[in-house]
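Heads up: the structure comes next, in structure tokens.
Side chains are part of it too, since the values below use all heavy atoms of this structure and drop only hydrogens, waters and symmetry mates. Residue numbers begin at 1 in each chain, while the letters A, B, ... track the order of the sequences. Small disclaimer: the values here were computed from a predicted structure and weren't measured.
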There are 2 protein chains.
Amino acid sequence: MSKDKRQMRLGAILMEAGHHVAAWRHPRAEAHRVTDVRFYQELAQLAERGKMDLVFFADTLGVPNYSSFFDHNITIRLEPLTLLAALSAVTRHIGLAATATTTYNEPFHIARLFSSLDHISGGRVGWNVVTSALADESLNFGRDTHMAHAKRYDRAKEFVEVVTGLWDSWEDDAFLIDQAQGRFADSGKLHTLNHQGEHFAVRGPLNISRSPQGYPVIIQAGSSEEGQELAAQTAEVVFTAQPTLARAQHFYASLKGKLAAYGRAEDELLIMPGVFPIIGRTAQEAQSKLDELQELIHPAVGLDVLSRKLGHDISGYPLDEPLPDLPESNGDKSRNHLLLDMARQEGLTLRQLYMRVAGSRGHQTVVGTPEQVADHLEEWFVQHGADGFNVMAPYLPGGLEDFVNLVIPELQRRGLFRTEYEGATLREHLGLSRPANRHAR
Amino acid sequence: MSKDKRQMRLGAILMEAGHHVAAWRHPRAEAHRVTDVRFYQELAQLAERGKMDLVFFADTLGVPNYSSFFDHNITIRLEPLTLLAALSAVTRHIGLAATATTTYNEPFHIARLFSSLDHISGGRVGWNVVTSALADESLNFGRDTHMAHAKRYDRAKEFVEVVTGLWDSWEDDAFLIDQAQGRFADSGKLHTLNHQGEHFAVRGPLNISRSPQGYPVIIQAGSSEEGQELAAQTAEVVFTAQPTLARAQHFYASLKGKLAAYGRAEDELLIMPGVFPIIGRTAQEAQSKLDELQELIHPAVGLDVLSRKLGHDISGYPLDEPLPDLPESNGDKSRNHLLLDMARQEGLTLRQLYMRVAGSRGHQTVVGTPEQVADHLEEWFVQHGADGFNVMAPYLPGGLEDFVNLVIPELQRRGLFRTEYEGATLREHLGLSRPANRHAR
Ligand SMILES: Cc1cc2nc3c(=O)[nH]c(=O)nc-3n(C[C@H](O)[C@H](O)[C@H](O)COP(=O)(O)O)c2cc1C
Ligand SMILES: Cc1cc2nc3c(=O)[nH]c(=O)nc-3n(C[C@H](O)[C@H](O)[C@H](O)COP(=O)(O)O)c2cc1C
């Protein structure tokens with residue numbers, strides 16, 4: 001194993017019972033522990049045992065409000081930033097990342113929370129900047145409708161500017177703590193932001209010192225043109241859903257290609273698609289594991305997923321008959337057509353159709369032995385489809401145990417993944433440099 | 001010691017280096033650890049060793065923006081909610097409370113954060129509802145001026161209504177987690193808030209289950225008429241600064257008297273004034289400890305405090321000469337006059353004057369042996385001045401060590417304070433009942 005070999009980055013996305021839509025019904029999931037902090041502490045420790053770069057928690061500020069969804073899905077979770085703080089106390093190395101939307105938050109709060117987390121964790125925190133995938137969030141923040149896509153990204157851009165500006169309030173060496181002379185800080189190294197923009201007016205300064213990483217690692221997870229532009233300008237890690245290597249390669253090349261315009265090098269931004277691995281001792285065992293999970297999809301959940309994808313409520317139609325004729329919907333046309341064509345051509349019933357699309361939520365699915373999974377990841381990694389992966393275990397903790405116990409040792413044997421943590425901070429794990437304070441001379 | 005004897009409640013206010021204005025310069029303070037989470041973890045463990053009810057972190061969303069303040073004072077701190085989460089992981093019993101203002105926050109975020117903390121800590125969390133003492137906070141949230149006092153309290157009232165409404169989104173027994181049937185929750189036990197008010201429109205529901213305490217304990221720390229009214233209606237604990245027993249008794253009787261109008265009993269609200277204890281083996285040793293601290297007040301800090309209290313910038317005047325003639329200010333008139341009269345009557349220099357007022361920040365100061373401190377607390381407690389106290393150690397950890405090691409055993413010997421935790425939650429420590437969900441039948 002060569003020390004200089006390019007290293008794969010690995011994150012673990014920790015979604016309550018697991019990533020599969022029916023995860024919570026699986027015997028190796030622990031659905032009753034969904035709000036038990038110890039569950040996530042154990043998962044973070046497991047990922048740390050695997051020397052993974054980070055654990056990540058997605059977030060939405062609410063739930064789509066229809067009762068069948070509440071009946072059959074997990075719609076409750078711990079708030080991710082308080083959760084990360086609790087995880088920091090029982091882990092030592094692993095990075096800790098979570099989503100906070102720029103659409104229904106204030107930059108002063110977000111700057112403070114992440115800076116504080118970076119201090120508390122000794123420099124292990126990452127912020128996933130999103131503009132809110134869930135339109136219903138608006139209703140919890142005094143707005144009748146979701147802010148428009150372009151405006152959300154406009155706001156996001158200014159939001160990140162304000163946040164990084166606040167993170168630079170204090171230079172790294174501003175604190176003298178000279179007890180004898182009574183000088184705590186050198187106010188010459190304090191910089192008041194005085195931001196006046198289109199979306200925000202924030203004077204500053206931030207009431208916390210610059211954090212161990214300078215800035216917490218900035219992650220971005222939007223894939224639209226605007227999302228990629230924001231990422232090219234500000235993000236250091238990009239999370240993305242790419243179903244095939246070809247599409248991943250296209251996305252990878254296109255996004256890396258945008259960096260130069262912002263004066264950035266290609267290795268200043270890491271692209272980490274999600275991967276949904278089903279691991280067995282044999283390929284056949286892996287396939288049966290997937291089948292077992294698929295069988296657990298409650299018909300109401302399957303139909304819900306189809307209704308949302310088709311833009312029509314199809315919950316009234318018989319499960320084991322072919323898809324009925326549906327009028328044009330006003331949803332995402334190309335996606336509807338793909339689905340409709342698939343159903344028609346293969347003569348699928350509703351049940352067969354939702355079995356095809358409800359499982360992995362758009363991420364690449366890899367079903368096989370540890371070697372096969374490692375082959376797959378290595379191929380994407382070497383063929384410029386990815387700098388690393390977000391492991392979306394089908395169920396938790398079982399699916400992550402499989403990955404850590406079986407796939408990671410294989411990647412290590414191939415010299416693709418670390419066998420020990422070498423750095424202390426998340427930036428160091430990821431090979432990202434620590435940003436200098438913009439005011440420092 | 002009788003089991004039935006009324007028990008004193010004790011909280012520890014953890015202010016960075018300590019409560020005294022010059023704390024950070026004291027040899028028994030640890031000013032270099034002001035953003036070190038382990039410092040607070042050790043303090044919380046110390047308070048837990050003393051079987052105290054809770055630790056508390058005050059908060060402001062910014063700092064008054066003048067450079068001498070930054071030079072000589074601690075103006076940085078960890079964000080308190082992430083800090084509480086980190087403390088929960090290394091403590092088992094002690095309550096964990098912090099401030100969150102209703103003036104520059106959104107109720108959905110606050111409901112979620114505290115509910116999550118209550119889950120994470122196993123039911124040990126308290127929320128100090130304030131309306132923001134620091135006018136400058138407005139400037140970090142897009143407002144030129146601080147919201148007016150009456151409007152702040154109006155908003156606070158509605159804010160608390162929304163938050164408790166969100167906390168009742170799910171009934172306690174709403175989660176079936178029936179893997180075989182695929183039913184995670186009973187949506188019949190889910191209640192969407194649909195709040196439409198003057199300050200907020202919040203649909204809900206909250207995306208987290210009802211927390212161990214039902215509601216985190218609600219604390220209030222405003223003492224104006226509006227503050228007391230809000231407390232009488234919604235608070236379960238009141239923090240207050242009372243310099244003398246007579247004033248404490250008046251406040252106590254007046255606030256308890258307001259409860260009946262809201263259909264509440266007197267023991268549903270606990271009044272906990274702050275106490276600033278300086279403890280020595282002899283009364284004289286205690287006095288020298290206070291003198292030592294007072295000597296550490298940097299003249300610039302002392303003059304700052306006077307300038308703010310007088311509503312005039314007096315930083316240009318000589319320290320060791322009497323107070324100059326000052327024109328009328330537009331600040332708090334009665335407070336100015338008290339101060340001016342004191343200075344004139346006793347012929348105090350500026351230095352002497354700030355030594356009188358800059359130390360304990362308006363709270364009762366008790367200087368003496370452990371027995372004398374215990375006598376003082378017992379008197380206030382028995383004479384209906386207090387249900388308990390917030391200990392504001394002059395410096396940390398030293399001052400809290402003194403209190404835990406010397407005063408608490410004395411209170412325990414007198415049967416006034418627990419020798420073991422009996423309950424699991426903060427509510428149980430405080431003798432407060434768990435609120436039922438408003439929707440439960
Ligand atoms: C791995 C991954 C994680 C994501 N996490 C979140 C999340 O936590 N919250 C959210 O609102 N959106 C999340 N998203 C969605 C995107 O951030 C974004 O909202 C969506 O892609 C639409 O933005 P776009 O129009 O730029 O693609 C995530 C996406 C990916 C690929
Ligand atoms: C023990 C104690 C703690 C307090 N903590 C805070 C705090 O953390 N943040 C804040 O803005 N005000 C805090 N206050 C101030 C009050 O909440 C309130 O803002 C102030 O008393 C003015 O309100 P009033 O006009 O009702 O008295 C605290 C007061 C006391 C007595």
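Side-chain contact annotation: A/Asn105 with B/His109, donor-acceptor N/O pair under 3.5 Å present. For the residue pair A/Ser187 and B/Asp71, a side-chain donor N or O sits within less than 3.5 Å of a side-chain acceptor on the partner.
Contact of A/Val301 with chain B is not made at all, since no heavy-atom distance falls under 4.5 Å. With a 4.5 angstrom heavy-atom cutoff, B/Val37 touches chain A only via side-chain atoms. Heavy atoms of A/His26 lying under 4.5 Å from chain B belong exclusively to its backbone. In this structure, chain B has no heavy atom under 4.5 Å from any part of A/Phe200. There is no contact between A/Ala300 and chain B, counting heavy-atom distances below 4.5 Å. With a 4.5 Å cut-off on non-hydrogen atoms, A/Asp118 does not touch chain B at all. With a 4.5 angstrom heavy-atom cutoff, B/Leu78 touches chain A via backbone and side-chain atoms both. Contacts between A/Thr35 and chain B at a heavy-atom distance below 4.5 Å involve backbone atoms as well as side-chain atoms.
Chosen from A/Thr75, A/Val63, A/Asp36, A/Ile74, the residue pairing most often with chain B at heavy-atom distances under 4.5 Å is A/Ile74. When the candidates B/Ala185, B/Ala180, B/Ser209, B/Ser169 are compared by the number of heavy-atom contacts under 4.5 Å with chain A, B/Ala185 comes out ahead. Put simply, of A/Gln196, A/Arg38, A/Arg143, A/His119, the one with the most heavy-atom pairs under 4.5 Å next to chain B is A/His119. Per-residue counts of heavy-atom pairs under 4.5 Å with chain B were compared for A/Thr60, A/Leu296, A/Val90; the largest is that of A/Thr60. Considering only heavy-atom pairs separated by less than 4.5 Å from chain B, the leading option among A/Val34, A/Asp178, A/Leu206 is A/Asp178. Note: A/Gly182 leads A/Gly142, A/Gly182, A/Ala85, A/Pro107 in heavy-atom pairs under 4.5 Å with chain B. Per-residue heavy-atom pair counts under 4.5 Å with chain A were compared for B/Leu166, B/Thr192, B/Leu83, B/Leu193, and the maximum is reached by B/Thr192. The most heavy-atom pairs under 4.5 Å with chain B, out of A/Leu84, A/Leu87, A/Asp59, come from A/Asp59.
Nearest approach of A/Gln181 to B/His298, heavy atoms of both residues: O-CD2, 3.5 Å. Of all non-hydrogen atoms in B/Ala86 and A/Ala89, the two that sit nearest each other are O-CB, 4.1 Å. Across A/Phe70 and B/Pro205, no two heavy atoms sit closer than the pair CZ-CG, 3.8 Å.
For the atom pair CD (B/Glu79) and CG (A/Leu117), the distance works out to 7.5 Å, reported to the nearest 0.5 Å. Considering CZ of A/Arg25 and CD1 of B/Ile177, their distance stands at 13.5 Å, rounded to 0.5 Å. We find the CD1-CD distance between A/Ile120 and B/Gln41 to be 8.5 Å, quoted to the nearest 0.5 Å. For the atom pair B/Leu139 CG and A/His195 NE2, the distance stands at 14.0 Å (nearest 0.5 Å). Interatomic distance, CD1 of A/Ile76 versus OG of B/Ser115, reported as 9.5 Å (0.5 Å rounding). How far CG of B/Asn140 is from CZ of A/Arg112: 10.0 Å, rounded to the nearest 0.5 Å.
Checking side-chain atoms of A/Asn207 against main-chain N and O of B/Leu61 turns up no donor-acceptor pair under 3.5 Å. Proximity of a side-chain donor or acceptor of B/Gln179 to a complementary backbone N or O of A/Pro27 within less than 3.5 Å is not detected.
Between A/Arg203 and B/Asp144, no side-chain nitrogen of the basic residue sits less than 4.0 Å from a carboxylate oxygen of the acidic one, so the salt-bridge criterion is not met.
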*Test B/His72 against A/Phe184 for side-chain contact (heavy atoms from CB on, under 4.5 Å), laying out the working first.*
CA-CA 5 Å; B/His72 303 294; A/Phe184 190 78; over 6 Å; no

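Taking the six-membered ring for Trp and the full ring otherwise, B/His32 and A/Phe175 have centroids separated by 6.0 Å or more.
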